[in-house]
Each structure stands twice: as structure tokens, then as C-alpha cells.
**Q** 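Following this message is one structure expressed as C-alpha cells.
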There are 2 protein chains.
Amino acid sequence: MMEHDIFRALADPTRRTIFEKLATGSLNASALRQGMEISQPAMSQHLAVLRSARLVREQREGRFVNYEVDPDGLALIVEWLAKYRAYWPARIDALKLLLKDMDQ
Amino acid sequence: MMEHDIFRALADPTRRTIFEKLATGSLNASALRQGMEISQPAMSQHLAVLRSARLVREQREGRFVNYEVDPDGLALIVEWLAKYRAYWPARIDALKLLLKDMDQ
DNA sequence: GAATCGCATAAGTGTGTGCTTATGTGTCGT
DNA sequence: ACGACACATAAGCACACACTTATGCGATTC
């Protein structure tokens with residue numbers, strides 16, 4: 001189940017940090033390691049988990065592999081969240097921002 | 001970190017099932033066990049995890065404990081998601097529904 | 001073509017996690 | 001007050017998971 005892969009992937013704080021780094025733009029595996037005190041194999045393994053969860057996708061460029069946020073994974077989270085919209089608090093500032101962006 | 005508690009709580013498929021059961025309305029621990037092949041202690045432990053993640057809140061009624069979805073946890077997920085709104089696909093039907101509900 | 005670089009994979013290890021059984025705590029009915 | 005009930009907690013165990021070191025693989029550089 002991909003829903004499971006997504007939540008399991010995001011359960012690890014290191015992977016969330018990696019994912020948030022990619023929120024600012026595409027980066028390769030080495031660039032992602034900058035300032036993170038993480039070994040190269042560990043980073044590679046984390047990226048593999050994020051990739052199989054469709055939270056991240058790769059774009060090979062020679063011997064580099066650029067990673068970027070994959071909208072597919074995010075869409076699945078949004079769809080999952082939609083099941084609970086009856087319980088969302090009436091005022092969520094972050095949501096207001098989202099609405100504006102989506103209305104364009 | 002509460003963000004961590006939330007994603008860790010949702011990483012377990014049994015806890016997601018419990019949470020989704022509560023999406024339809026308030027239930028006590030025994031009612032939640034119906035049709036789930038899960039022991040009473042296991043259910044109690046799962047509810048404790050969901051509760052400490054603020055995904056669920058309890059309402060004691062005599063010797064029963066009714067559980068319901070806690071909007072606070074959902075709000076934190078929405079705020080986390082907001083960081084990636086630049087990567088959301090342009091058309092997400094579920095989101096469209098959300099927008100309508102939020103605009104009332 | 002040999003060395004180096006960027007990254008992936010394999011194998012092993014310590015820790016976290018979800019389960020079990022057993023027991024504790026508080027509430028209700030009689 | 002006593003037993004039954006709803007639930008929480010404790011302790012122990014099997015397994016998953018994130019890390020390590022070592023090695024493999026393809027691309028680049030000289």
C-alpha cells in the first residue's frame with residue numbers, strides 16, 4: 001500500500017529533514033548531505049525509501065542524481081487528509097494560504 | 001516534537017485504521033475493537049500513542065472512554081503540508097472539495 | 001585505461017516498536 | 001460489599017528499522 005509507504009517514510013525525522021530541504025528546490029545526494037552529519041550510504045537508503053513512497057523522484061544527470069519533490073506523494077496525503085475535513089478547525093492560517101494559491 | 005509524534009503515530013497501519021474509524025464519529029475503546037482482531041491492551045496502547053500525538057482526544061463517561069478525532073493534530077499536518085504547496089499538483093479533486101467546505 | 005568521483009547495494013548490528021500475558025485501577029450493578 | 005466490566009499499565013519477546021563498514025557500478029577526468 002502506498003499510503004503506508006508514505007507515512008512510514010515520513011515517520012523518520014532524518015527523512016523529513018531531507019524532504020524539507022528538497023522543498024526549496026532540486027538537489028543531488030551529495031548536496032543534500034551538506035550540514036547533516038549523515039553517511040553517504042545512509043543518505044542513499046533514505047532517498048530510496050522516499051522514492052519508493054513517491055515523495056521524491058530522481059533525475060539522472062551524468063554521475064549525479066538530482067532529487068526533487070514528487071507531487072504524486074503529496075497528492076496522496078491531501079486525499080487522505082480529505083477524509084477528515086469535517087474535523088478541521090474552522091480557521092487554519094496555513095490553509096487560507098493554500099486556498100488562495102489554488103484559486104488562481 | 002509533536003510533528004514527529006504525529007507521523008510516527010500514523011506510520012502504523014492499525015493506528016490508521018483506528019483513526020479512520022473515528023472519522024465517522026466518536027467511539028469507545030471496545031466499540032473500536034469490533035471486527036478488528038486486536039487485543040484489548042493493544043488497542044489501549046495504540047490509543048495512547050494517538051492521544052499523545054494529539055490526533056485523538058478522550059472523553060470519559062463513567063467506566064467508558066469515548067475517543068474522537070482531535071482537530072489539533074490534523075491542523076499540524078495541514079501546516080506541515082503547507083510548506084510544499086508549490087509542489088501540489090494543480091488539480092486535486094479532494095482539495096477542491098476542501099476548499100468549498102472551508103469557504104462557508 | 002587507470003584513478004577518482006557520485007551513488008547504490010550487501011551484510012551485520014544495536015535500538016525501537018508492536019505484540020503478548022499478567023495485573024492494576026476505577027466504575028457500575030446487584 | 002462483591003463481582004463484573006471497561007480500560008490502563010507492566011514486563012517480556014520477536015521483529016522491523018536505521019545505522020555502520022565494505023564493496024559494486026557507472027560516469028568522468030587525466
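Lettering follows sequence order; numbering is per chain, from 1. Remember, predicted model here, so these are calculated numbers, not experimental data.
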**Q** How close or far is atom C1' of D/dC7 from atom OH of B/Tyr67, stated in whole angstroms?
**A**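 Value for this atom pair: 8 Å.
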**Q** Pick the nucleotide of DNA chain C nearest each of B/His4 and A/Ala42; which residue has the one closer to the 5' end?
**A**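 Final value for this comparison: A/Ala42.
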**Q** On DNA chain C, does the nearest nucleotide to A/Arg63 precede the nearest nucleotide to A/Ala48 from the 5' side, or the other way round? Give the residue.
**A**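 It is A/Arg63, whose closest nucleotide lies nearer the 5' terminus.
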**Q** If you go through the side-chain atoms of B/Gln40, does one of them form a donor-acceptor pair with the base of D/dA6 closer than 3.5 Å?
**A**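 Between D/dA6 and B/Gln40, which were checked side chain against base, a qualifying N/O pair under 3.5 Å is absent.
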**Q** Ignoring backbone atoms, establish whether B/Arg8 has a side-chain N or O less than 4.0 Å from OP1 or OP2 of D/dC17.
**A**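 For D/dC17, OP1/OP2 do not have a side-chain N/O of B/Arg8 under 4.0 Å.
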**Q** To the nearest Å, how far apart are B/Phe64 CZ and D/dC7 C1'?
**A**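 In whole Å, D/dC7 C1' and B/Phe64 CZ are 10 Å from each other.
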**Q** Would you kindly give the CG-to-C1' distance between B/Asn66 and C/dT27, to the nearest whole Å?
**A**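 B/Asn66 atom CG is separated from C/dT27 atom C1' by 15 Å.
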**Q** The side chain of A/Ser44 is closest to which nucleotide in this list: C/dC7, D/dA18, D/dA6?
**A**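 It is C/dC7.
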**Q** Using the six-membered ring wherever Trp is involved, compare the ring planes of B/Phe19 and A/Trp80 and label them parallel, tilted or perpendicular (cut-offs 30° and 60°).
**A**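 If you compare the ring of B/Phe19 with that of A/Trp80, the planes turn out parallel.
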**Q** Which whole-number value in Å describes the distance from B/Met36 CE to C/dC19 C1'?
**A**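 Going from CE in B/Met36 over to C1' in C/dC19 covers 13 Å.
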**Q** Could you tell me how far apart A/Glu61 (CD) and C/dC7 (C1') are, to the nearest whole angstrom?
**A**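 From A/Glu61 CD to C/dC7 C1': 15 Å.
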**Q** If you draw a 6.0 Å radius around CE in B/Met2, do more than 12 non-hydrogen atoms from other residues or ligands fall strictly inside?
**A**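 It does not: B/Met2 CE has 12 such atoms or fewer within range.
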**Q** Does A/Arg15 reach a base, just sugar-phosphate, or nothing at all? Heavy atoms under 4.0 Å.
**A**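 Sugar-phosphate, backbone atoms only, no base.
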**Q** As a test of reading the structure: which of D/dT20, D/dA18, D/dA8 is closest to the side chain of B/Glu58, going by heavy atoms?
**A**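 Selected nucleotide (nearest to the side chain): D/dA8.
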**Q** Looking across every strand, which nucleic acid part, if any, lies under 4.0 Å from B/Arg51 by heavy atom: base, sugar-phosphate, or nothing?
**A**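 B/Arg51: backbone/sugar contact only, no base atoms under 4.0 Å.
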**Q** Tell me: CG of A/Leu50 to C1' of D/dA18, nearest whole Å?
**A**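 From A/Leu50 CG to D/dA18 C1': 13 Å.
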**Q** For DNA chain D, whose closest nucleotide is more 5', that of A/Pro41 or that of A/Thr14?
**A**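 Here A/Thr14 is the residue nearer the 5' end.
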**Q** Using whole Å, what does the distance between atom C1' of nucleotide C/dA8 and atom CD of A/Gln45 come to?
**A**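 A/Gln45 atom CD is separated from C/dA8 atom C1' by 9 Å.
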**Q** Expressed as a whole number of angstroms, how long is the span from B/Leu32:CG to D/dA6:C1'?
**A**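 Computing the B/Leu32:CG to D/dA6:C1' distance gives 13 Å.
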**Q** Both A/Arg60 and B/Ala29 contact DNA chain D. Taking the nearest nucleotide for each, which residue is further toward the 5' end?
**A**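 Checking each residue's closest nucleotide, the 5'-ward one belongs to B/Ala29.
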**Q** I need the B/Ser52 OG to B/Ile6 CD1 distance, nearest 0.5 Å.
**A**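 Output value for this atom pair is 10.0 Å.
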**Q** Let me confirm one number: the CD1-CG distance from B/Ile77 to A/Leu10, rounded to the nearest 0.5 Å.
**A**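 Between B/Ile77 CD1 and A/Leu10 CG, I get 10.0 Å after rounding to 0.5 Å.
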**Q** Is any side-chain heavy atom of A/Leu55 closer than 4.5 Å to a side-chain heavy atom of A/Asp70?
**A**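 No, every pair of side-chain atoms sits at 4.5 Å or beyond.
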**Q** Of the listed nucleotides (D/dA18, C/dC7, C/dG18), which one gets closest to any side-chain atom of A/His46?
**A**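 So the side chain of A/His46 is nearest to D/dA18.
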